[in-house]
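Inspection log for the structure reproduced underneath, given as structure tokens.
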Amino acid sequence: MKVLVPVKRVIDYNVKVRVKADNSGVELANVKMAMNPFDEIAVEEALRLKEAGGADEVVAVSIGPTQNQETIRTALAMGADRGIHIEAPHEVEPLAVAKLLKAVVEREEPGLVFVGKQAIDDDCNQTGQMLAALLGWAQGTFVSGIEIKGDSATVVREVDGGLEHLEVKMPAVVTVDLRLNEPRYASLPNIMKAKKKPLDSMSADELGVDVTPRLAITRVEEPPAREAGIKVSDVGELVDKLKNEAKVI
Amino acid sequence: MSILILADHDNGQLAAATLNTVTAATQIGGDIHVLVAGDASGDVAKDAAAIAGVSKVLTAEADAMAHGIAENIAPLIQSMASGYSHLMAPATTTGKNIMPRVAALLDVMQVSDIIKVESADTFQRPIYAGNAIATVTSSESVKVVTVRSTAFEAAAAEGGSASIEAVDSGSDSGLSSYVKSELSSSERPELTSAPIVISGGRGMQDGSNFAMLEKVADKLGAAVGASRAAVDAGFVPNDYQVGQTGKVVAPDLYVAVGISGAIQHLAGMKDSKVIVAINKDEEAPIFQVADFGLVADLFDAVPELEGKLG
């Protein structure tokens, strides 16, 4: 079985994002970029499945400008076998991403797609569900555990009330949550090896998908800042402030 | 204009976040209908019909609707979509699971997790873990929208008298089936709607130490939460997690104990009205958002706090 893992290039999670002065978006120039942390977990899960004999090839795909090839190389350095880069503008909406991925799925025919449950830039949490819808496949979302048995998989989902176990028919789209695994670091030899692994490039046009945005982002601004508070000297003062000043207890 | 809201429920009870979604819909304006897709969920339909501002409740009752299976519920909503200007759901794990599937079936882009309604087609939503707020306009024929419940007041749960109507209950796609749930049971208020939340972080050192927070919570009528670090360390279950990828809370009082204040945690609680931080590291970033900071060893401060609350 082949596993497809879409990986998104986002601002590194350690970087404090800055809103552009003209409120048109956030500053991306000269900012450290990295693979979306949830997608790293997806790559790791695909690799573990392969190592356990449950998959024979792991293919990483990324959509965006040429620099996205670096993100694919990261996945290859972790251990993915092959990469596909779909050349597109930086901001492609989840619906268009799902359509592009559908086209890739139709070419590659994977048995499973592992993808991060959300990207930490737009925080949309849509792509996996949309891809499953377009393919008419089962979806397991926010998954922190998976066990594959023949033509179905049992997934453990992190839901508001706790955990939920679902049986999903394969092929399926599985969106992964934080506690599924801890992704490995790529070793230096593997980073070198990754440079020689195959990486195909194609354009969104070649896949016949219109990536024109459907939504217009008219303004991006900083959230209202909280006013700095005070330090209290002891628990007694804290309780007094909460009772008599803030009046919340 | 008319709006269809997907109710979040467990067949017995309507989730509170549905009420906040009704308020967001009221701000858009138009007729508000609520869809209760479930099994033996008659009580939920009655509760939905009593919400102020709802004019009609539509029920779809079937085995296949019982467990919020997106592959079964999304086609049902798709089949009902014509005639509605907006399809909405609370941004709970149920809404987040189902609505993007609905949007893709309708070939429209969803607007996720709105925190403000500017007009019928323009909304504000947080991006980058709430470090920026985007204003987004949708020109889609039907707007698919999920709503961050903490950003909208709850609609009155009583006072409405909507009609209840059964609709075609859809079918089982045969793609996914429910196996079981492992739900945390607690006598304490639900995290996302509690007026007071007390959360523990890595500084708690061990899951058993959360008993200290529970004692304080019981005196205050508070819910207990946790940072991602505490959940990852296995101190408490996942449903305690407050943050960008966990639950978003905005109580009257949020008490952060032994939590350093990583960006992704702040994203889940910085809209709380009053924030208290108890941490022995005076450089911890949590103090930058705290109204009242106490630099102290939590193992001394928390029992003392409990004692002083009498």
Side-chain angles (χ1 to χ4, degrees), chain A residues 11 16-17 19 26 93-95 98 117-118 120-126 129-130 132-134 137-139 141-142 144 154 158-169 177-179 214-223 226 228-232 235-236 238-239 241-242 246 248-249, chain B residues 70-71 74 92-93 96-97 100-101 103-105 108-113 126-138 140 175-184 220 228 232 237-239 244-245 247 252-253 270 273-274 276 288-295 301 304-305 308-309:
Chain A
I11 293 182
K16 169 100 177 83
V17 299
V19 171
V26 303
E93 290 173 347
L95 181 62
K117 76 163 180 179
Q118 76 190 65
I120 61 163
D121 52 2
D122 61 26
D123 285 330
C124 275
N125 194 331
Q126 299 175 4
Q129 297 89 313
M130 287 182 158
L134 297 177
W137 286 11
Q139 67 186 49
T141 52
F142 329 141
S144 63
T154 304
E158 297 208 349
V159 296
D160 288 335
L163 298 173
E164 180 185 82
H165 297 239
L166 278 189
E167 187 169 303
V168 297
K169 210 170 135 185
D177 215 320
L178 292 169
R179 279 166 288 275
R214 303 284 192 88
L215 304 179
I217 298 175
T218 51
R219 187 179 168 81
V220 173
E221 59 204 309
E222 300 261 2
R226 279 191 85 90
I230 58 158
K231 290 260 171 68
V232 292
V235 173
L238 176 63
V239 172
K241 294 275 186 200
L242 293 177
V248 285
I249 60 171
Chain B
E71 296 89 324
T92 54
T93 47
K96 289 178 189 173
N97 184 39
R101 192 157 180 125
L105 292 175
V108 301
M109 243 314 279
Q110 170 175 308
V111 183
S112 294
D113 218 13
I127 55 175
Y128 290 93
N131 286 299
I133 307 295
T135 302
V136 179
T137 299
S138 167
E140 302 282 18
L175 291 171
S176 288
S177 53
Y178 173 81
V179 180
K180 64 173 178 181
S181 297
E182 298 167 51
L183 303 182
S184 303
L220 292 171
R228 176 187 163 186
D232 284 355
N238 66 284
D239 50 293
Q244 179 185 14
T245 63
K247 287 183 178 139
D252 296 332
L253 172 62
K270 68 185 166 64
K273 291 199 182 74
V274 174
V276 169
Q288 292 165 16
V289 301
D291 300 282
F292 303 107
L294 175 63
V295 180
E304 194 186 341
L305 176 62
K308 286 213 160 46
L309 292 171

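Here the structure is a predicted model, which is why all the values come from computation and not from measurement.
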Checking side chain to side chain contact (heavy atoms under 4.5 Å, CB included) for the pair Glu182(B)/His165(A): CA distance, chi angles, key distance, verdict? CA-CA 8 Å; Glu182(B) 298 167 51; His165(A) 297 239; 2.4 Å; yes
Let's test your reading of the structure: which of [options] forms the most heavy-atom pairs below 4.5 Å with chain A?
| options | value |
| --- | --- |
| Leu305(B), Val136(B), Leu294(B) | Leu294(B) |
| Thr245(B), Val111(B), Val108(B), Leu253(B) | Thr245(B) |
| Asp232(B), Asp252(B), Leu105(B) | Asp232(B) |
| Asn97(B), Val295(B), Thr92(B) | Asn97(B) |

So which of [options] has the largest heavy-atom pair count under 4.5 angstrom toward chain B?
| options | answer |
| --- | --- |
| Pro94(A), Ala132(A), Ser144(A), Pro223(A) | Pro223(A) |
| Gly236(A), Gly229(A), Gly161(A) | Gly161(A) |
| Asp121(A), Asn125(A), Val232(A), Val220(A) | Asp121(A) |
| Lys241(A), Gln126(A), Gln129(A) | Gln126(A) |
| Glu158(A), Lys16(A), Lys169(A) | Glu158(A) |

What distance do [X] atom [atom1] and [Y] atom [atom2] have between them, rounded to the nearest 0.5 Å?
| X | Y | atom1 | atom2 | answer |
| --- | --- | --- | --- | --- |
| Asn238(B) | Asp177(A) | CG | CG | 7.5 Å |
| Asp123(A) | Ile127(B) | CG | CD1 | 8.5 Å |
| Asp239(B) | Leu163(A) | CG | CG | 7.5 Å |
| Lys180(B) | Leu166(A) | NZ | CG | 12.5 Å |

Is a side-chain donor or acceptor of [X] paired with a backbone partner of [Y] at a separation under 3.5 angstrom?
| X | Y | value |
| --- | --- | --- |
| Asn131(B) | Glu222(A) | no |
| Arg214(A) | Glu140(B) | no |
| Thr93(B) | Asp160(A) | yes |
| Lys273(B) | Val248(A) | no |

Do the non-hydrogen side-chain atoms of [X] and [Y] ever get within less than 4.5 Å of each other?
| X | Y | result |
| --- | --- | --- |
| Gln139(A) | Leu175(B) | no |
| Ile120(A) | Tyr128(B) | no |
| Lys96(B) | Thr141(A) | no |
| Leu309(B) | Ile249(A) | yes |
| Ser112(B) | Gln118(A) | no |

Residue pair Gln110(B), Leu95(A): steps toward the side chain to side chain contact (heavy atoms under 4.5 Å, CB included) verdict: CA-CA 8 Å; Gln110(B) 170 175 308; Leu95(A) 181 62; over 6 Å; no
Does any backbone or side-chain atom of [X] lie under 4.5 Å from a heavy atom of chain A? Answer side chain, backbone, both or neither.
| X | value |
| --- | --- |
| Leu220(B) | side chain |
| Ala74(B) | neither |
| Asp113(B) | neither |
| Lys247(B) | side chain |
| Gln244(B) | both |

Quick one: what part of [X] sits under 4.5 Å from any heavy atom of chain B, side chain, backbone, both or neither?
| X | answer |
| --- | --- |
| Val26(A) | side chain |
| Val17(A) | side chain |
| Ile217(A) | both |
| Arg219(A) | both |
| Glu221(A) | both |
| Val239(A) | side chain |
| Ala98(A) | neither |

Minimum heavy-atom distance [X]-[Y], with the two atoms named:
| X | Y | answer |
| --- | --- | --- |
| Val274(B) | Ala246(A) | CG2-CB, 4.0 Å |
| Trp137(A) | Glu71(B) | O-CG, 4.1 Å |
| Gly162(A) | Leu183(B) | N-CD2, 3.9 Å |
| Val289(B) | Arg226(A) | O-NE, 3.1 Å |

Trace of the side chain to side chain contact (heavy atoms under 4.5 Å, CB included) decision for Arg228(B) with Leu178(A): CA-CA 9 Å; Arg228(B) 176 187 163 186; Leu178(A) 292 169; 3.5 Å; yes
